[in-house]
Amino acid sequence: MRYYIITGTSRGLGKALAEALLKDSQNFVIGVSRNCTLTHDRYRHQPLDFSDIAGVEHNLHKVFGEFPDATQLVLVNNAGVLGEIGYMGQSKNEHFEFVFDVNVIVPAMFMNLFLQSYQHRSGIEKLVVNISSGAGQKAKDGWAAYCASKAALDMLSQTAQIEQDKLGTGVKVFSLSPGLIDTEMQEQIRDADPAQFSSVQQFRDFKTQGDLVTPEKVAAKVLQLMENPKLAQAVVCSVRDF
Ligand SMILES: NC(=O)c1ccc[n+]([C@@H]2O[C@H](COP(=O)([O-])OP(=O)(O)OC[C@H]3O[C@@H](n4cnc5c(N)ncnc54)[C@H](OP(=O)(O)O)[C@@H]3O)[C@@H](O)[C@H]2O)c1
């Protein structure tokens with residue numbers, strides 16, 4: 001059986017990915033988010049709020065089972081938030097903590113426990129796919145916390161891969177930019193005040209011009225990478241690369 005631990009499975013890309021995986025009887029999905037919107041005999045949900053670090057610390061071990069029959073173990077750190085769009089100097093201090101908790105601190109804790117639990121399992125494929133964003137490499141006004149959090153996720157991934165290579169565990173780590181996906185996150189972007197985000201019209205145009213990709217199509221690309229990690233040339237990569 002192949003086991004996939006995926007965060008943010010209640011909607012958007014995470015849900016599409018879980019649904020695609022569940023079509024194969026050899027796949028089992030452990031989903032983690034605040035809400036549960038999936039039921040399946042090969043799906044287990046762990047409710048967790050990533051902005052509650054104490055709660056995550058207390059319950060995280062429940063996610064990482066022994067899975068003795070595993071032939072592949074995959075972690076997909078997909079849950080993410082944009083946070084309130086707004087300029088630095090006009091934001092609440094709690095905003096930065098919130099975005100970093102959900103987008104960096106908890107994904108780092110998930111990676112840490114995944115590696116602790118499975119890095120020395122031999123004879124099976126072990127893979128971490130962190131869902132990043134082009135915003136981690138290109139600054140956008142109004143998105144300071146989000147851009148910085150995705151840059152941090154990219155660097156965590158690169159560091160983890162160097163370490164796993166040195167340890168010779170065979171674990172592969174990616175920080176994958178999924179492109180523009182037609183999800184609630186994009187709705188939030190289109191609703192932004194132009195004074196707080198100068199590119200808002202461009203994102204409204206993306207929607208009307210049909211430039212957003214369905215979560216199902218992006219999920220198919222993520223699956224492609226999970227099936228063939230050699231498709232990506234580098235740890236920090238994009239679905240546009242393959
Ligand atoms: N949409 C895009 O165009 C785009 C572009 C680049 C990168 N991305 C990245 O792609 C990933 C998926 O985005 P999406 O568009 O599918 O987002 P989405 O539709 O807003 O879904 C976000 C998921 O994250 C979970 N989540 C949010 N806050 C959480 C919290 N406090 N605790 C636990 N889980 C939480 C949500 O579940 P609950 O609300 O049930 O907790 C939901 O399942 C994110 O990492 C995002 O940064 C998206």
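First listed ligand is number 1; within each ligand, the first listed atom is number 1. Throughout, residue positions are numbered sequentially from 1 according to the sequence presented.
- Considering backbone and side-chain N/O atoms, V32 never comes within less than 3.5 Å of an N/O atom of ligand 1.
- Under the 3.5 Å distance criterion, the side-chain polar atoms of K150 are matched with a main-chain donor or acceptor of I131.
- The shortest N or O to N or O distance between I181 and ligand 1 is under 3.5 Å.
- In this comparison of G134, S177, G179, the heavy atom closest to atom 6 (C) of ligand 1 sits on G179.
- Hydrophobic clustering keeps I6 apart from L113 (ILVMFWY residues linked when any side-chain heavy atoms are closer than 4.5 Å, directly or through intermediates).
- Contact annotation for V81 and ligand 1: only side-chain heavy atoms (C-beta onward) come within less than 4.0 Å of the ligand.
- Among protein heavy atoms, the minimum distance from atom 42 (C) of ligand 1 is reached at S10 OG, 3.5 Å.
- Of the listed residues (Q186, E184, E187), the one carrying the non-hydrogen atom nearest atom 3 (O) of ligand 1 is Q186.
- Within the structure, ligand 1 lacks A135 among the residues with a heavy atom less than 4.0 angstrom away.
- At least one side-chain heavy atom of V171 sits less than 4.5 Å from a side-chain heavy atom of L115.
- The closest protein non-hydrogen atom to atom 28 (N) of ligand 1 is R34 NH2, 3.4 Å.
- Heavy-atom proximity to atom 26 (N) of ligand 1, evaluated over G136, C36, A79, is greatest for A79.
- The protein heavy atom nearest to atom 1 (N) of ligand 1 is T183 OG1, 3.1 Å.
- Going from atom CG of D154 over to atom CG of N130 covers 9.0 Å, rounded to the nearest 0.5 Å.
- Proximity to D49 (heavy-atom distance under 4.0 Å) selects the following atoms of ligand 1: 30 (C), 31 (N), 32 (N).
- Both Y118 and L156 are assigned to one and the same hydrophobic cluster, defined by single-linkage of ILVMFWY side chains at heavy-atom distances under 4.5 Å.
- Using a 4.0 Å cut-off between heavy atoms, P178 contacts ligand 1 through its side chain alone, with no backbone atom that close.
- Contacts between K150 and ligand 1 below 4.0 angstrom, taking non-hydrogen atoms only, involve the side chain exclusively.
- Contact of the Y3 side chain with the V29 side chain is not registered, since no non-hydrogen atoms from C-beta on lie closer than 4.5 Å.
- Donor-acceptor pairing under 3.5 Å is recorded for the side chains of Q201 and D205.
- Hydrophobic cluster membership is shared by L73 and I5, with clusters built from Ile, Leu, Val, Met, Phe, Trp and Tyr side chains linked at under 4.5 angstrom.
- Residue contacts with ligand 1, taken as heavy atom pairs separated by less than 4.0 Å, involve N78 via backbone and side-chain atoms alike.
- Atoms of ligand 1 found under 4.0 Å from any heavy atom of L13 (numbered from 1 in listed order, with element): 16 (O).
- Between L153 atom CG and Q158 atom CD the span is 10.5 Å, to the nearest 0.5 Å.
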